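Only one structure is covered here, and it is reproduced in the block below.
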2 protein chains.
Amino acid sequence: MGDWPKIRIKTGDIMGEKVQGNLVIVGGAEDKEEECIILKRVIALAGGSSAALAVLTTASEEPEKTGEKYKSVFRSLGLEAINLFNINNRQDANNSKIVDELNETTGIFFTGGDQLRITGTLGWTLLGKTLLQMYHRGVVVAGTSAGASVMSDTMIIGGDSDEAPHISKLSMAPGLGLLKESVVDQHFAQRGRIGRLLSVLACNPYILGIGIDEDTAVIVRPEGVLEVIGSNSVTILDGLEVEYSNVSELSSRQALSITQVILHTLSSGARYSLKERKPVITD
Amino acid sequence: MGDWPKIRIKTGDIMGEKVQGNLVIVGGAEDKEEECIILKRVIALAGGSSAALAVLTTASEEPEKTGEKYKSVFRSLGLEAINLFNINNRQDANNSKIVDELNETTGIFFTGGDQLRITGTLGWTLLGKTLLQMYHRGVVVAGTSAGASVMSDTMIIGGDSDEAPHISKLSMAPGLGLLKESVVDQHFAQRGRIGRLLSVLACNPYILGIGIDEDTAVIVRPEGVLEVIGSNSVTILDGLEVEYSNVSELSSRQALSITQVILHTLSSGARYSLKERKPVITD
């Protein structure tokens with residue numbers, strides 16, 4: 001199976017220092033009406049009854065409407081301290097009064113929409129840098145759909161769904177960098193996105209592909225273990241054993257070949273060690 | 001990576017005897033207007049200018065219309081000897097006059113439609129048995145969509161597209177048995193079917209999953225090597241290294257977990273050895 005050295009994922013070791021926060025990375029369309037397993041877990045990780053949650057609607061086209069929706073859902077789950085941050089420009093993201101308010105919260109929730117709105121608005125602002133510090137000191141950072149994609153160093157911003165892998169159709173951009181050495185994709189099975197995540201791996205097999213289904217999330221713990229919750233599954237694509245790909249020789253119309261990708265499909269309760277790059281199997 | 005013995009695929013060794021025919025297994029929606037790479041290859045494998053092709057429309061809801069369409073396409077590609085077999089009952093499939101006619105052809109092409117119409121009509125009839133003998137002695141057997149699914153011992157007849165793997169949503173049935181130890185799925189990327197093919201692997205990791213995209217085909221050669229042609233790609237899922245699955249413990253609503261599946265995505269020109277269970281990489 002090849003003899004490349006296993007690379008240690010640096011999640012839990014952001015900016016050279018030990019991280020204490022959890023990430024909750026949601027594949028979109030999480031249940032907001034029935035058991036609300038994922039949103040309840042966000043509250044629990046943010047401190048339960050003492051949680052103070054910031055909802056960041058930067059990705060949304062209709063931030064007020066989206067924000068009020070989440071506010072009402074989180075309230076119905078027993079949370080009182082919810083603060084909406086409808087930040088849609090870099091001036092607000094550099095406003096120390098706003099950032100100080102954010103800094104008081106114990107959890108941050110990024111709504112869905114367009115991931116470029118998040119990174120384009122928050123990247124390298126006071127708020128963006130504060131976010132990393134908050135995660136570092138133990139604040140839970142959650143995001144759904146576009147809010148999930150932005151978690152990694154490099155993020156997918158476009159690519160075909162329900163298609164064979166075609167490198168020319170994939171677009172990527174720098175993300176927020178909370179999750180290291182991985183690329184997240186969302187609405188994964190529901191939009192047939194394995195082709196585009198395989199294309200990312202072909203670009204650099206060192207990246208771990210994490211494809212998260214709707215109403216499903218991974219919790220990334222500080223110790224570098226990922227736990228799956230929700231009703232569908234998470235697909236892990238590991239390229240460390242890849243033996244061949246034709247990524248550098250393709251014409252724009254050609255489909256990709258890539259061999260020897262390790263795939264894991266993980267459903268609720270399953271865990272995966274990002275440090276060891278393998279599922280944690282318990283009886 | 002586990003230490004299970006590699007199992008030798010018995011393709012090319014059907015019914016204990018050496019097979020001489022090729023299979024052309026098409027993922028549906030093959031090009032019928034432009035370069036027609038796949039249909040041209042069917043003609044070439046059936047003998048080129050001396051080919052005599054039988055088009056079996058048993059799967060189709062509108063057999064006459066489907067048959068005439070393929071007849072006109074094959075004719076436009078220079079083939080004169082095309083015989084339509086619109087067989088829709090077991091009496092015809094046991095009619096020795098009809099079967100004798102079929103037996104004169106050098107290639108068989110199964111159209112798409114419903115795979116159960118093919119197996120329900122032809123299974124264990126004179127025609128069904130003659131088909132196996134023809135393949136055995138060197139006749140090319142091609143099939144698209146439903147005509148692709150029927151090739152294997154066990155075939156998929158239903159299951160969710162664009163969904164996480166759920167074992168309860170998968171249905172299978174016995175196929176024609178030309179391809180051993182494998183299960184074929186078609187319209188693969190286009191309908192987001194990796195979840196259902198992973199579910200098949202979870203049932204029995206010994207099965208090789210072959211997911212074929214639209215306008216894409218695998219040619220299975222007598223020596224047990226598969227070649228990819230067409231515009232998209234073929235996904236191979238190999239379960240021989242699977243370390244864990246929860247298939248036997250699932251409630252009907254739960255999504256599946258399965259770990260350590262080997263995945264290869266292969267595009268035009270790529271080859272894969274069914275006997276060795278690995279891609280054939282050439283420079």
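Model, not experiment: these values are computed from the prediction. Quick note on labels: first sequence line is chain A, next is B, and so on, each numbered from 1.
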Any side-chain to backbone donor/acceptor pair from [X] onto [Y]? Under 3.5 Å, distance only.
| X | Y | value |
| --- | --- | --- |
| D215(B) | E30(B) | no |
| S76(A) | F74(A) | no |
| Q115(B) | I156(B) | yes |
| K32(A) | Y70(A) | no |

Between [X] and chain B, with a heavy-atom cut-off of 4.5 Å, which part of the residue counts as in contact: side chain, backbone, both or neither?
| X | answer |
| --- | --- |
| H166(A) | side chain |
| N246(A) | side chain |
| S233(A) | both |
| I258(A) | both |

Discussion item. Does this structure show an ion pair linking D162(B) with R191(A), if we count only N-O contacts that are shorter than 4.0 Å?
Written reply: no

Most chain B-contacting option - heavy-atom pairs closer than 4.5 Å, from [options]:
| options | value |
| --- | --- |
| H264(A), K278(A), R193(A) | H264(A) |
| L263(A), T216(A), V234(A), D160(A) | L263(A) |
| I236(A), L256(A), V228(A), L198(A) | L256(A) |

query = Using non-hydrogen atoms only, which part of L266(B) is less than 4.5 Å away from chain A: side chain, backbone, both, or neither?
reply =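 Interface part for L266(B): both.
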
Checklist entry - Where does N232(B) contact chain A at under 4.5 Å (heavy atoms): side chain, backbone, both or neither? => result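 Both backbone and side chain.
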
Pair count under 4.5 Å, heavy atoms only, with chain A: among G230(B), G192(B), S257(B), highest is S257(B)

Review point. Hey, are T111(A) and S60(A) close enough side-chain-wise for a donor-acceptor pair under 3.5 Å?
Key: yes

Count the heavy atoms of every other residue, nucleotide or ligand shown that sit under 6.0 Å from CD of E35(B), and state whether that count exceeds 12. no

